[in-house]
Amino acid sequence: MTMEAKLTFTELKQLNLPNIDKEILAFWDAENIFQKTILERQDATPFIFYEGPPSANGTPGIHHVLSRTLKDIFCRFRTMDGYLVERKGGWDTHGLPVELGVEKLLGITKEDIGKTITVEEYNSICRREVMKYKDQWEEVTRIMGYWVDMEKPYVTFENDYIETLWQLLQKLHTKGLLYKGYTIQPFSPAAGTGLSSHELNMPGAYREVKDTTIVAQFKATGAEAEKLLGVTAEREVFFLAWTTTPWTLPSNTALAVGRKIVYVQVRTLNPYTGKPVEVVLAKDRLYAYFKEEQKGQPLEQHEGWNKHLPWEPVAEFSGEALSGLRYEQLLPYAQPESGDAFRVVTADFVSTEDGTGIVHIAPSFGADDFRTAQQNGIGSLTLVDRQGRFSEDAGELAGRYVKNYTDDPEWENPDVFIAVKLKEENRAFRVEKYEHNYPHCWRTDKPVIYYPLDSWFIRTTAVKDRLLELNRTINWKPRSTGEGRFAQWLENLVDWNLSRSRYWGTPLPIWRTADGTEEICIGSVKQLTEEFSKAKEAGLNTDSDLKLVNGLLDIDLHKPYVDRIVLVSATGQPMYREADLIDVWFDSGAMPYAQWHWPFENEETFRRSFPADFIAEGVDQTRGWFFTLHVLGTMLFDSVAYRNVVSNGLVLDKAGNKMSKRLGNGVDPFDTIYKYGADAVRWYMITNAQPWDNLKFDFDGITEVQRKFFGTLFNTCSFFGLYANVDAWRPGKDNISISDRPELDRWILSLLHSLTRDVRQAYESYEPTRAGRLIELFVTEHLSNWYVRLSRRRFWKGELSADKNAAYHTLYTCLHTIARLMAPVSPFFAEFLYRQLRVQEFLGDAASVHLSAFPVADQAVIDSDLEETMQLAQDLSSTILALRKKVNIKVRQPLRKAMIPVLQEDVRDKIRHISDLVLAETNIKELSLMEDTAGVVTRKVKPDFKKLGPLLGAHMKEAATMLGSLSQERIAELERWSQITLEIAGKEFVIPADHVEIVSEDIPGWLVANAGNLTVALDIQLTPELVAEGNAREFVSRMQKLRKDSQLEITDRIVVEVVADKDLWDSLLDFKNYICTEILADELVSAVDNQDFVKLEINEREIRARVIKTEAYGKK
RNA sequence: AGUCUCGUAGCUCAGCUGGUUAGAGCGCUACACUGAUAAUGUAGAGGUCCCCAGUUCAAGUCUGGGCGGGACUACCA
């Protein structure tokens, strides 16, 4: 395939989508079409797209085809619509999966790194391995027709990329948004190390243990407690909270309740001291502590009172109401340094399944606790050290191990000590042993505790409001992901933990002195060089083999190289790099800047391409890429990073299960595309389900798309080409203005322009499914099944008349427009179709559909009246065909007449317009419209509920019944006066005629069916003339088949010889002209039987005939 | 456990701001068509619109509560 246009429309044999793919790919390659779409639009308004980088560490799956199709669709659409759409590709290259892959490859574990293998070697293997499947990715990109620039992609491990990341981190550091803090992580005091969640999930990590649990009493205080709970000096009210880790109680700084949980205040006795107390707990948990029989019993120490406490309810509150109340610190050994502690807060993880429905919060020793405290501005206490001992400031507990980490036989459980102490102080409501699952360290077998560990954070909470605000300006597809999932996530934002204790990733560019008092955040290689030199002068880095090239350090910005550099602080102290790497999500979230190595290069380009107009990825990126892009855009530029975002759902297998390697139900994208063709796969994925709904991937669905949509379109196109070649018709020649074309043409063009309008609108609002389905409906239903079918004879009958020319122009326009409308979704077939239509006289057109302009609807061509009228024609035809079917009269047998009672003049008018079409389609001689139907037709009144609703209100039901059973006389009355009065429930209601519909229901004595509101009656009387004509038509049909079987060209002229009985022969003679025209016969002759004759049957009568080419006949 | 999402015919999906008779394609059955023909058309069968309650003259559609599938996040006193 070349740029040259053809002389004629290529004849099409059979649809083969994979072959079309190959042909088109070769064409695109040869002519650099992708590059041209960009080069030709250098001065156009840019439409900015960001490619979310895939990791070439894994192989591409079918779900990648979905998300990339989505990206491709909108980029192609905008390109065709005249924008400059550059698409820089990228590779995500850091992170844990790469490391795990390498470890598997080498058969090593994390422990070996630095021992059996150097970090240097390890990282160099990571660098090599991460691009392992690059070829596959490039291939899938190519064959699926995803246009993205793979020549100059950004790669996250490159020095330039990392340098930008450092620059951005430095900016955040300067703004005070990057800080060192801690997170709560599983920690093994016995081993002195943090554990990963992976290690916690190892079998055997969770074990059943028996612990002392305490329901502690937290004493409510403060003005609000006085008001709500009635607290006074004499009247003590306590919040009850349960814990399985009493050793965390000294570090308690808050209590959490559930917002929607109902709480009760109960008056009772403390079971250990016997003192009257009032306690607050969840209503659902009441009977875990109190017995119904003791309700209202006097508060005295009767027999067994401490097993069955007397109690009475005092009040009820929602968790919401309790929120904000204060309480007295339970074990006041130390005070938190910051924050407003000892308050009741709400948290969504609070349940009433066990405990009291009030959760004791020790922010240092629980991840949920920590997050809750952070969200509520509550400080923390960490009264346990890294060895698992109570710290100095834990008063009488100081120095005691919280668990028996040293295997000391003398060890006494501090939980018990605390329980006894609280009992004595009237602060324990229940103490008991409790068996539960608790995680243990897989190396030491000792209980794990959750403990705050050092980490570097980005202070995202500082810009939370702005993040939410800017998010509201982003157009999310679907909306719910943005307003729901994403906004929700932002609402509950905690600071972004950047630290990762790994090897292969972007190093944190922070150097610190040993005591942590001085630090520097490096923002460029240049700065690093300067600081390095400075330190060297100060006598550090002396044994470094680093060299300067062009005045800059020649260094790979990865571990272990950067770790070898020591810097010097202002006070002359050595500074060492903080050991952490940063979260890989920072890598990808920074791509708007780092892909251009900004601000070191490409200032212009960067400014022009930020923020993005459009991005798309799977919903699983909501908290990943979508989030990090948004955070960095907001923090660095106070701007959104993207204006429109489409998040697609998953691709599941046929049965709705997630695809996984383990189940082996994954779909190979290569096989699939090779077998079905890229477009069928793309079209199927886009039109079968909205991209944000999950897709149940079924090959039968692709086959259906191939047949139903592409097959039909292909047939239509080949039909067109066949006849256009016969008539040597060319586009652009002898154009006929639309108003001069027949009704049918104006109708399909009207639909075409409506379609153009709707499809454009769908693409503009990021609704590809809608666009695709609309195109499909148009092609299969309207264009093929109605326009082409009804126009067929216009194409093959006679010379190139004005009518025929109009038909060519119309069909050509439709196909040419369809090619462009479908191009974003199915770039290959669209190109094929477009090129198929591109013949020599039409060189004004662009060489590729992707270089052509996306169609614009012409409002003037849209005639909604005509569209409705044609709908009527379709309804009428199908009703008449249904009637024929009912009495078994085949369509080839002409019938005399159909009758339609119509009262409204405008409907009559519409029917008159299309009566020819209906008659031809249904093979009927006459369509008679009855105006005066009284007496002939039984009619019925149908209420228009929408209009009657406001008028009748509650009387609707009665009115509907009354209207439905009106007599024929009253209906006539209603017609005459244009209104009718009904008496309902003693009141009179005047119903205007336009509030109801009068429909004819039946015509007694006729064969009748209803089409919507119309009734059609069919005259099924067969006269001898009609039968004769039926015979003639049957004969034509047989002859056509015979022509075809004799392998005649469609233009060959023939002579037909027939042997038939007299009656039948007379039938044929009566219609001789008709027959000859239809079958291109010059002569129809009665002949004597001969063995060449073919035996045929016409309406159960035998006939013999043969066809001979006219020229051959003469020679005989 | 929380958040989001989906639940309509055997299967895949439409069904807008509530309007009484819920649609399409595939599949199935029957028939027709035969110069687009390894196409095509027509008809038929097939539904508790996941369940319960509420709002309303009227609910597949709105509200509340469940149930089930999926995703994400979190692992708990």
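Naming: A, B, ... by sequence-line order, numbering from 1 per chain.
Counting non-hydrogen atoms under 4.0 angstrom, F709(A) reaches nothing in the nucleic acid. Among the heavy atoms of the strands, none lies under 4.0 Å from A362(A). E781(A) comes within 4.0 angstrom of nothing in the nucleic acid, heavy atoms only.
Here W786(A) contributes atom CH2 and F778(A) contributes atom CZ; the two are 14.5 Å apart, rounded to the nearest 0.5 Å.
Contact record, Y263(A) with G357(A): OH-O, 2.5 Å, taken as the closest heavy-atom pair. Closest approach of I184(A) and P363(A) over heavy atoms only: CD1-O, 3.3 Å.
The distance from atom CZ of R770(A) to atom P of rA24(B) is 19 Å, rounded to the nearest whole Å. We find that CD1 of I184(A) is positioned 12 Å from P of rC76(B), with the value rounded to whole Å. For the pair L490(A) CG and rC4(B) P, the interatomic distance rounds to 14 Å; values are reported in whole Å. The separation between Q375(A) atom CD and rU73(B) atom P is 17 Å, rounded to whole Å. In this structure, the CH2 atom of W683(A) is 15 Å from the C1' atom of rG25(B), given to the nearest Å. Atom P of nucleotide rA14(B) and atom CG of L774(A) are separated by 13 Å, given to the nearest angstrom. Taking atom CH2 on W786(A) and atom C1' on rU42(B), their separation rounds to 12 Å, with Å as the unit. One interatomic measurement links the two molecules: CG of D700(A) to P of rC13(B), which rounds to 13 Å at whole-angstrom precision.
Under the side chain to side chain donor-acceptor pair (under 3.5 Å) criterion, W247(A) pairs with no residue, sequence neighbours left out. Remark: Y289(A) pairs with no residue by the ring pair (Phe, Tyr, Trp, His ring centres under 6.0 Å) rule, at least two apart or across chains. Partners of F719(A) under the ring pair (Phe, Tyr, Trp, His ring centres under 6.0 Å) rule, at least two apart in sequence or in another chain, are Y723(A), F795(A). Under the rule for a side chain to side chain donor-acceptor pair (under 3.5 Å), the partners of N923(A) that lie at least two apart in sequence or sit in another chain are R1033(A). The salt bridge (charged side-chain N to carboxylate O under 4.0 Å, His left out) test applied to E704(A) returns no partner, not counting sequence neighbours. With sequence neighbours left out, W692(A) forms a ring pair (Phe, Tyr, Trp, His ring centres under 6.0 Å) with no residue at all. Considering only residues two or more places apart in sequence or on other chains, F697(A) meets the ring pair (Phe, Tyr, Trp, His ring centres under 6.0 Å) condition with Y684(A), F699(A). For the salt bridge (charged side-chain N to carboxylate O under 4.0 Å, His left out) test, residues two or more places apart in sequence or in another chain that qualify with R794(A) are D745(A), D803(A).
For A367(A), taking side-chain heavy atoms from C-beta onward, the closest of the listed nucleotides rC75(B), rG25(B), rA36(B) is rC75(B). Comparing rC75(B), rA74(B), rC13(B) by their nearest atom to the side chain of R773(A) picks out rC13(B). Side chain of N688(A), nearest nucleotide from rU12(B), rC26(B), rC13(B): rU12(B). The listed nucleotides are rA36(B), rG25(B), rC13(B); the one nearest the side chain of Y723(A) is rA36(B). For D693(A), the side-chain atoms get nearest to rU5(B) when compared with the rest of rC76(B), rU5(B), rA36(B).
Summarising the base pairing, rA32(B) is matched to rU40(B) through a Watson-Crick or G-U wobble pair whose two defining distances lie under 3.5 Å. Pairing partner, rG2(B): rC72(B), with both Watson-Crick or wobble hydrogen-bond distances short of 3.5 Å. The partner of rG23(B) is rC13(B), judged by Watson-Crick or G-U wobble contacts that both fall below 3.5 Å. Pair assignment for rU63(B): rA53(B), on the basis of Watson-Crick or G-U wobble contacts that are both within less than 3.5 Å.
Going from the P atom of rG65(B) to that of rA1(B) covers 16 Å, rounded to whole Å. For rC26(B) and rU40(B), the P atoms lie 9 Å apart once the distance is rounded to whole Å. Taking atom P in both rU55(B) and rG41(B), the straight-line distance is 48 Å, to the nearest Å. rA59(B) and rG64(B) are spaced 15 Å apart, taking the C1' atom of each and rounding to whole Å. The P atoms of rG46(B) and rA24(B) are separated by 14 Å, rounded to the nearest whole Å. With both ends at atom C1', the span from rC50(B) to rG68(B) equals 8 Å, rounded to whole Å. Between the P atoms of rA30(B) and rA45(B), the separation comes to 15 Å (whole Å). Straight-line distance between the C1' atoms of rG15(B) and rG25(B): roughly 15 Å, to the nearest whole Å.
Using cut-offs of 30° and 60° for the angle between ring planes, the W476(A) and F486(A) rings count as tilted. Note: F218(A) and Y327(A) have perpendicular aromatic rings, judged against thresholds of 30 and 60 degrees for the angle between ring planes.
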Less than 3.5 Å apart, which donor and acceptor atoms pair up between the side chains of residues 365-372 of chain A and the rest of the protein, not counting sequence neighbours?
from    : atom 1 : to      : atom 2 : distance (Å)
D368(A) : OD1    : R371(A) : NH2    : 2.6
D369(A) : OD2    : A362(A) : N      : 3.0
T372(A) : OG1    : D368(A) : O      : 2.7

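Where E704(A) and V788(A) meet RNA chain B, the nucleotide closest to each residue was compared, and E704(A) sits on the side nearer the 5' end. Comparing K696(A) and L783(A) along RNA chain B, the residue whose closest nucleotide (by nearest heavy atom) sits nearer the 5' end is K696(A).
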What does the list of N/O pairs under 3.5 Å between the protein and nucleotides 37-40 of chain B look like, with a distance for each?
from    : atom 1 : to      : atom 2 : distance (Å)
rA39(B) : O2'    : N715(A) : ND2    : 2.6

Pairs under 3.5 Å (N/O, protein and nucleotides 67-71 of chain B):
from    : atom 1 : to      : atom 2 : distance (Å)
rG70(B) : O2'    : N694(A) : ND2    : 3.1
rA71(B) : N3     : R485(A) : NH2    : 3.3

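Taking 4.0 angstrom as the limit, Y450(A) places a side-chain polar atom (N or O) nearer than this to OP1 or OP2 of rC76(B).
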>> Does the protein touch nucleotides 57-66 of chain B at the base, only the backbone, or not at all? Give it as B, S and - per nucleotide, heavy atoms under 4.0 Å.
In response: B---------

